[in-house]
Student: 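Submitted below is the structure of interest, expressed as C-alpha cells.
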Amino acid sequence: MLQLAFIRTNKEKVLNGLQKKHFQDIHLVDEIISLDEQRKNLQTQSDELLSKRNTASKSIGALIAQGKQQEAETNKSNVAALKEQIDALTGQLNEVEQQLNQQLVRLPNLPNELVPNGKTAEDNQVMKQSPDFPKLHPGAKPHWDLIIQYDLVDFQTGVKITGSGFPLYKGRGAKLQRALIQYFLDYNTAAGYTEYIPPHIVNASSAYGTGQLPDKEGQMYYIKEDDLYLIPTAEVPVTNIYRDEIVPASKLPIKMTAYTPCFRREAGSFGKDVRGLNRVHQFDKVEIVQLTEAANSYAALDQMVAHVEQLIISLGLPYRILRLCGGDMSFASALTYDFEVYSAAQERWLEVSSVSNFENFQTNRLKVRTKDEQGKTQLLHSLNGSSLALPRILASMLENFQTPEGIQIPEVLRPYFGASVIQ
RNA sequence: GGUGGGGUGGAUGAGUGGCUGAAAUCAGUAGUUUGCUAAACUGCCGUACGGGUAACUCUGUACCGCGGGUUCGAAUCCCGCCCCCACCGCCA
C-alpha cells in the first residue's frame with residue numbers, strides 16, 4: 001500500500017497517478033487524509049492522558065511504599081476518573097485506525113512516469129518486436145490439435161479428474177514440461193537467483209502482503225476449513241520470505257527464483273481465449289523475485305527484462321515486449337513490461353511473462369526494510385517477473401516449430417528433453 | 001487426533017505486579033591499545049505512530065505470539081485463540 005506520509009504531502013501526485021490508472025474511487029484519498037487527521041488528533045489526546053495515568057500510577061506505588069495510604073487512595077480515584085476518558089478515546093482511535101487501514105489497502109499503486117496513458121490493452125506501448133515470423137507449412141495446426149496428434153496433453157481426462165482447465169500432461173508432454181522447468185531454473189540460478197521450493201498454499205497475511213487480498217479475493221482458490229489460499233503465483237510465498245524483516249544492506253539485492261504450480265479461478269473467461277493451453281486453472285510457472293534498495297529498483301527492472309528477453313530468445317520464439325498502460329497494469333505495480341510470444345497457427349500473441357516493479361507498495365505492507373547509511377530504516381523495493389509461464393510457451397513452441405516431420409525441439413532444451421524432435 | 005513443555009530484542013536467555021523497553025552473554029558497530037593477525041578494554045546497538053526542531057538532539061505513547069479481562073499500575077495474574085517443540089497415535 002501507499003505510505004500515509006506520502007499521501008499526506010503529495011496529494012496532487014496521488015490523484016494524478018490514480019487517474020492515470022483509471023482508478024474509480026478517487027474520493028478515497030480525501031477520506032484517507034481526513035481519517036489520518038482524526039487519527040493524529042486522537043492519538044495526541046490519548047497519549048497525553050496515558051502519560052498522566054502512568055505518572056499517577058507510579059506515584060501511587062511510591063506513596064504506598066512511604067506508608068502514605070491516604071494520599072495513595074486519592075490518587076487512585078483520580079486515575080479511575082482518567083480511565084473512562086482513556087477508554088473512550090482509545091476506542092475511537094482504534095475505530096479510526098481500522099477505517100483508515102481499510103481504505104488505505106484499497107488504493108492501488110501509482111504508475112511510474114514512463115507508464116503510457118491509456119485504458120485497455122489497446123493502449124499498451126510496443127517497445128520491441130521480433131522482425132521475423134515463422135512460415136508454417138500448409139496444413140499447420142493450432143496447438144490444441146497438435147497435442148492430440150502427438151498425445152502430449154489429455155484435456156478430457158483432466159476434466160474427468162478435476163474439471164475443465166486442469167490439463168493432464170502425458171508422456172513426452174509431461175517430460176517437456178519438466179525439461180522447461182529445469183532449463184528455466186538453471187538459467188535463473190546461473191544469473192544469481194537463489195532457488196526456492198515454497199509452500200503452494202498460503203495464509204491470508206501472505207496474500208495481503210503481496211496485494212492479492214483484498215483486491216483479487218475471488219481469483220484465488222480458498223480452503224475454508226483452514227483459512228488458506230492456493231497460490232496464484234510463486235510471487236506470493238517467495239516475496240513473503242522476507243516479510244517483517246530488516247535486511248542488512250550488504251545482503252542486497254536479494255534475488256530469488258522458484259518453480260511452482262499456479263492456481264487461478266479465472267472466473268468469467270470464455271471463448272477462444274481459453275482454448276487449449278491459452279488459459280487454464282492450474283499451470284506451471286517459474287518466477288523471479290528481487291528485493292532491492294529503492295535507488296536501484298529501476299536498474300533491477302531493466303536487468304530482469306533483459307534476463308527474460310534472453311531466455312525467450314534462447315528458445316527461438318518470436319516475441320514482443322509491451323509497456324503496459326495505466327489502465328491495464330495490475331493493482332500493485334508501478335511499471336510493468338509484458339512479454340508476449342507469437343503463436344503462429346493461432347496467429348495471436350500470448351502473454352508469457354509480466355515483469356513489474358512494485359516499488360515499496362508491497363514492502364510497505366510486508367514491512368521489508370533495510371538500514372540506510374544514516375542508520376534509518378527504509379523500505380525496500382520489490383520486483384518480480386515470470387521466467388517463464390509454461391503452457392503458453394508450450395503452445396507457441398508447438399505451433400511455431402511444427403514441421404511435416406514433427407515438432408522441432410529448441411537446441412537449448414535438447415539436453416533436458418533428451419530428443420531433438422517430437423514425432 | 002492425544003499428552004506434556006514453550007512462545008521475551010539479530011541470536012541465546014533472565015525476568016512472576018511498580019525501581020523493566022526490558023539483565024547477562026554472543027553477534028554487530030564505532031573507537032582505544034597493539035609491529036600485523038588475534039586478544040583485551042570502552043562507547044553504541046529494537047520497531048511503529050505522534051509532539052517539537054532549520055537540523056543533530058530532545059520528548060510522549062504503544063509494542064515481551066495475537067485478542068480480551070482483572071488492577072491505580074501487567075512481559076509478569078485470569079480467559080479465549082494462534083503457533084512451535086517433544087513423546088504417543090495415524091500416515092507419504
Side-chain angles (χ1 to χ4, degrees), chain A residues 1-9 32-105 197-209 223-229 237 240-252 254 261 291 360 362-380:
Chain A
M1 60 189 164
L2 298 176
Q3 293 187 100
L4 256 178
F6 182 85
I7 298 175
R8 213 152 39 201
T9 50
I32 286 169
I33 291 175
S34 130
L35 282 167
D36 185 41
E37 286 299 321
Q38 291 178 49
R39 185 195 111 252
K40 285 203 291 188
N41 216 323
L42 288 168
Q43 191 186 331
T44 310
Q45 290 180 53
S46 80
D47 276 1
E48 262 170 41
L49 291 179
L50 284 168
S51 176
K52 271 190 198 166
R53 185 199 65 183
N54 288 345
T55 19
S57 292
K58 268 185 193 161
S59 75
I60 290 171
L63 289 170
I64 291 175
Q66 294 164 28
K68 296 178 182 167
Q69 283 301 334
Q70 195 80 25
E71 289 178 47
E73 288 307 320
T74 18
N75 263 2
K76 276 194 193 181
S77 52
N78 285 346
V79 177
L82 274 180
K83 201 180 170 180
E84 259 179 53
Q85 298 179 54
I86 290 174
D87 283 349
L89 271 176
T90 49
Q92 283 180 54
L93 181 59
N94 284 339
E95 175 107 350
V96 168
E97 274 181 341
Q98 218 169 16
Q99 281 180 36
L100 177 59
N101 196 46
Q102 262 173 29
Q103 309 291 51
L104 203 52
V105 294
I197 301 180
H200 297 168
I201 299 177
V202 295
N203 56 32
S205 302
S206 294
Y208 265 103
I223 302 165
K224 198 174 169 196
E225 285 81 351
D226 301 295
D227 193 23
L228 297 170
Y229 296 85
N240 271 278
I241 290 172
Y242 284 92
R243 166 148 52 101
D244 287 323
E245 298 213 7
I246 296 181
V247 185
S250 60
K251 282 195 176 175
L252 299 172
I254 305 279
L291 300 171
N360 63 24
Q362 293 181 327
T363 54
N364 189 28
R365 289 195 199 185
L366 291 163
K367 299 279 171 284
V368 185
R369 294 152 296 171
T370 191
K371 297 272 191 192
D372 67 15
E373 281 156 14
Q374 283 79 43
K376 292 181 79 174
T377 50
Q378 300 288 353
L379 292 172
L380 292 176

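Just so it is clear, the structure is predicted and the values come from calculations on it, not from any experiment. Just so we're on the same page: letters track the sequence lines, and every chain starts at 1.
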Student: Do A:L104 and A:I7 make a side-chain contact, defined as non-hydrogen atoms from C-beta onward lying under 4.5 Å apart?
Tutor: yes

Student: Both A:D47 and A:Q43 contact RNA chain B. Which one's nearest nucleotide lies toward the 5' end?
Tutor: A:Q43

Student: Quick check on RNA chain B: between A:K376 and A:L4, whose nearest nucleotide comes earlier from the 5' end?
Tutor: A:L4

Student: State, yes or no, whether a side-chain contact exists between A:V202 and A:N240 at a heavy-atom distance under 4.5 Å.
Tutor: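 A side-chain contact is absent here, since even the closest heavy-atom pair is not under 4.5 Å.
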
Student: Could you pull out the protein-nucleic contacts involving nucleotides 70-74 of chain B (nitrogen or oxygen on both sides, under 3.5 Å)?
Tutor:
unit_1, atom_1, unit_2, atom_2, d
B:C72, O2', A:S57, OG, 3.1
B:G73, O4', A:S57, OG, 3.2

Student: Taking the P atom of each, how far is B:U70 from B:U76, in whole Å?
Tutor: 15 Å

Student: Please tabulate, one pair per line, each protein N/O and nucleotide N/O from nucleotides 26-31 of chain B that are separated by under 3.5 Å, including the distance.
Tutor:
none

Student: In whole Å, what is the span from the CG atom of A:N94 to the C1' atom of B:A62?
Tutor: 11 Å

Student: Distance check, P atoms only: B:C19 and B:U42, in whole angstrom units.
Tutor: 28 Å

Student: Students often get this wrong, so: under 4.0 angstrom with heavy atoms, is A:S59 touching a base, only sugar-phosphate, or nothing?
Tutor: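 Nothing, no heavy atom under 4.0 Å.
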
Student: Using whole Å, what does the distance between atom P of nucleotide B:G9 and atom CD of A:E245 come to?
Tutor: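 Taking CD of A:E245 and P of B:G9, I get 13 Å after rounding.
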
Student: Kindly write out the residues that satisfy side-chain hydrogen bond (donor to acceptor under 3.5 Å, both in side chains) with A:S206, not counting sequence neighbours, or none if the list is empty.
Tutor: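 For A:S206, the residues satisfying side-chain hydrogen bond (donor to acceptor under 3.5 Å, both in side chains) (neighbours in sequence not counted) are A:N203, A:R243.
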
Student: State whether the side chain of A:S57 and the backbone N or O of A:N54 hold a donor-acceptor pair below 3.5 Å, judged by distance alone.
Tutor: no

Student: How would you list, by chain and number, every residue that makes a side-chain hydrogen bond (donor to acceptor under 3.5 Å, both in side chains) with A:D372, sequence neighbours excluded?
Tutor: A:Q378

Student: Using the C1' atom as the point on both nucleotides, what is the distance between B:C58 and B:C66, in whole Å?
Tutor: 34 Å

Student: As a quick check of understanding, evaluate side-chain contact (heavy atoms from CB on, under 4.5 Å) for A:Q38 and A:L100, giving each step before the final call.
Tutor: CA-CA 10 Å; A:Q38 291 178 49; A:L100 177 59; over 6 Å; no

Student: Applying a 4.0 Å non-hydrogen cut-off, can you work out what A:I246 is touching in the nucleic acid: base, sugar-phosphate, or nothing?
Tutor: sugar-phosphate

Student: Using the P atoms only, state how far B:U25 lies from B:C41, rounded to an integer number of Å.
Tutor: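 To the nearest whole Å, 10 Å.
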
Student: If we take the C1' atom in both B:U20 and B:C64, what is their distance in whole Å?
Tutor: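 It comes out at 11 Å once rounded to the nearest Å.
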
Student: Please name the nucleotide paired to B:U53 by Watson-Crick or G-U wobble geometry with both distances under 3.5 Å, or report none.
Tutor: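 Paired with B:U53, as far as the under-3.5 Å criterion goes, is no nucleotide at all.
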
Student: Rounded to whole Å, please give me the gap between CG in A:N41 and C1' in B:G60.
Tutor: 15 Å

Student: Identify the nucleotide, in any strand shown, that forms a Watson-Crick or G-U wobble pair with B:G17, with both distances under 3.5 Å; if there is none, say none.
Tutor: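 Partner of B:G17: none.
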
Student: B:A62 C1' sits how many Å from A:L89 CG, rounded?
Tutor: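 Checked: the CG to C1' distance equals 15 Å.
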
Student: Is any side-chain nitrogen or oxygen of A:T44 closer than 4.0 Å to OP1 or OP2 of B:U61?
Tutor: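 A:T44 to B:U61 OP1/OP2: no side-chain N or O under 4.0 Å.
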
Student: Quick one: side chain to side chain contact (heavy atoms under 4.5 Å, CB included) partners of A:A80, sequence neighbours excluded?
Tutor: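 If we apply the side chain to side chain contact (heavy atoms under 4.5 Å, CB included) test to A:A80, skipping adjacent residues, there are no hits.
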
Student: For A:Y208, give me all partners under ring-ring contact (aromatic ring centres under 6.0 Å, His included), at least two apart in sequence or on another chain.
Tutor: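 Result, ring-ring contact (aromatic ring centres under 6.0 Å, His included) vs A:Y208: none returned.
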
Student: When you measure from the side-chain N and O atoms of A:R39 to the phosphate of B:A48, is any distance below 4.0 Å, counting only OP1 and OP2?
Tutor: no

Student: For A:I32 and A:L4, what are the C-alpha separation, side-chain angles and deciding distance, and is it a side-chain contact (heavy atoms from CB on, under 4.5 Å)?
Tutor: CA-CA 8 Å; A:I32 286 169; A:L4 256 178; 3.9 Å; yes

Student: Mind checking who B:C36 pairs with, Watson-Crick or G-U wobble, both distances under 3.5 Å?
Tutor: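 Partner of B:C36: none found under 3.5 Å.
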
Student: Which base sits across from B:A11 as a Watson-Crick or G-U pair, both distances under 3.5 Å?
Tutor: B:U25

Student: Take atom CG of A:N101 and atom P of B:C49, then tell me their distance rounded to the nearest Å.
Tutor: 12 Å

Student: Taking atom P in both B:U34 and B:G18, compute the distance separating them and give it to the nearest angstrom.
Tutor: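 Approximately 47 Å lies between the P atom of B:U34 and that of B:G18.
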
Student: Measure the distance from CZ on A:R369 to C1' on B:A48 and round it to the nearest whole Å.
Tutor: 8 Å

Student: Name all pairs fulfilling the salt bridge (charged side-chain N to carboxylate O under 4.0 Å, His left out) condition that reach into residues 76-85 of chain A, sequence neighbours left out, sorted by first residue then second.
Tutor: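 Residue pairs with at least one partner in residues 76-85 of chain A: A:E73-A:K76.
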
Student: Given atom CG of A:L35 and atom P of B:C49, what is their separation to the nearest angstrom?
Tutor: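 Distance check: A:L35 CG to B:C49 P gives 17 Å.
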
Student: For B:G67, what is the paired nucleotide under Watson-Crick or G-U wobble rules, both distances under 3.5 Å?
Tutor: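 Base partner found: B:C79.
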
Student: Going by purine N1 to pyrimidine N3 plus the second Watson-Crick contact, or the G-U wobble pair, all under 3.5 Å, which nucleotide sits opposite B:U61?
Tutor: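 With both distances under 3.5 Å, B:U61 matches B:A48.
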
Student: Given atom CG of A:L50 and atom P of B:G50, what is their separation to the nearest angstrom?
Tutor: 16 Å

Student: Going by purine N1 to pyrimidine N3 plus the second Watson-Crick contact, or the G-U wobble pair, all under 3.5 Å, which nucleotide sits opposite B:G1?
Tutor: B:C88

Student: Tell me which pairs pass side chain to side chain donor-acceptor pair (under 3.5 Å) where either residue lies in residues 87-105 of chain A, with sequence neighbours left out.
Tutor: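 As it turns out, the side chain to side chain donor-acceptor pair (under 3.5 Å) pairs with a partner in residues 87-105 of chain A, which skip direct neighbours, are A:E31-A:Q103, A:Q103-A:R106.
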
Student: I need the full list of salt bridge (charged side-chain N to carboxylate O under 4.0 Å, His left out) pairs touching residues 38-47 of chain A, with sequence neighbours left out, sorted by first then second residue.
Tutor: A:D36-A:R39

Student: For B:G9 and B:G65, measure between their C1' atoms and round to the nearest Å.
Tutor: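 Going atom to atom, C1' in each nucleotide, I get 14 Å.
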
Student: May I ask which nucleotide in the shown strands pairs with B:G31, Watson-Crick or G-U wobble, both distances under 3.5 Å?
Tutor: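 Pairing partner: B:C41.
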
Student: What interatomic distance, in whole Å, is found between P of B:G28 and the corresponding atom of B:A11?
Tutor: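 Looking at atom P only, B:A11 and B:G28 are 15 Å apart.
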
